[in-house]
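Remember, it's 1-based here, ligands and their atoms both numbered in the order they're listed. The first residue in the sequence is number 1, and the count goes up from there. Please read these numbers as outputs of a predicted model, since none were measured by experiment.
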Amino acid sequence: MVVSRNLWKAVDAYIAETIVAPDPALEEALAANAAAGLPSIDVSAPQGKLIHLLARMAGARKALEIGALGGYSTIWLARALPDGGRLITVEVNAKHADVARRNVARAGLGGKVEIRTGAALTTLPKIEAEGLGPFDFVFIDADKTNNAAYLEWALRLSRPGTAIVVDNVVREGEVVDAASHDPDVIGVRRMFELMAREPRLSATAIQTVGAKGWDGFALAIVL
Ligand code: DHB
Ligand code: MG
């Protein structure tokens, strides 16, 4: 496992160097996050580019991110939107949100991205009340305990064709442990159960390995 982890990392570095090409603003965001003491639980560069490409494939103009952290995935996602496009991202931690605002501004995306500070379950109803939806693309990457509730909100703020991506749905395989007492695992499993029973969603999940270990993304489209 240790050997394969190193190889996963090396392959991620190879992919990042050859075809992903993260720009300086992304590298600076990671450096600023580390300097501010944020946990380095951002998506990897290849994963950020995946989110970016999925948003472009979906033709997204309006995107919603639940969980900004320091804004690394925010920058990847905002760069996928056309001129006039808009990304609203919600972040519970005020310090993280401040770091994210600075990172987004440094990337030249301040006009495209709005970072709302507060618990997503408080800010999402406001976003709905303000009529800011429907969103074309939703990326869920906040606390895992509320994952099912975030998916419900993504649905409320969607239209047929909206693409929804959820990070961290495999958790080193722990997702299959139906007896788990880990609130994160329970949260992810509730999200899967909602995806399974929700007739408005067609979904899958893909396991990933790389610099961030073994995890995965769930992908869904709103019918
Ligand atoms: C955790 C959260 C994330 O969004 C992630 O990508 C990795 C880890 C966590 O809470 O541990
Ligand atoms: Mg994540």
Sorted by chain and number, protein N/O/S atoms nearer to the Mg ion (ligand 2) than 2.8 Å are D141 OD1, D167 OD2, N168 OD1

What do you reckon, is CZ of R190 surrounded by more than 12 foreign heavy atoms closer than 6.0 Å?
no

The test is salt bridge (Lys or Arg N to Asp or Glu O under 4.0 Å); show your working for R101 and D98 and say whether it passes.
CA-CA 5 Å; R101 274 188 204 98; D98 283 344; 3.0 Å; yes

Contacts for ligand 1, heavy atom under 4.0 Å, by chain and number, are I41, D141, K144, D167, N168, R171

Parallel, tilted or perpendicular: rings of F217 and F139 (30°, 60°)
tilted

Would you indicate whether R159, at its atom CZ, is surrounded by more than 12 heavy atoms from other residues, nucleotides or ligands within a distance under 6.0 Å?
yes

Would R156 count as a cation-pi partner of W153, with NZ or CZ less than 6.0 Å from the six-membered ring centre and within 45° of the ring normal?
yes

Say whether E174 and S180, considering side chains only, have a donor N or O and an acceptor N or O under 3.5 Å apart.
no

Looking only at heavy atoms, the pair that brings F137 and A60 closest together is CB-CB, 3.7 Å

Side chain to side chain donor-acceptor pair (under 3.5 Å) pairs touching residues 198-213, sequence neighbours excluded, are E198-R200, Q207-W214

Test side-chain contact (heavy atoms from CB on, under 4.5 Å) applied to A34 - qualifying residues, sequence neighbours left out:
none

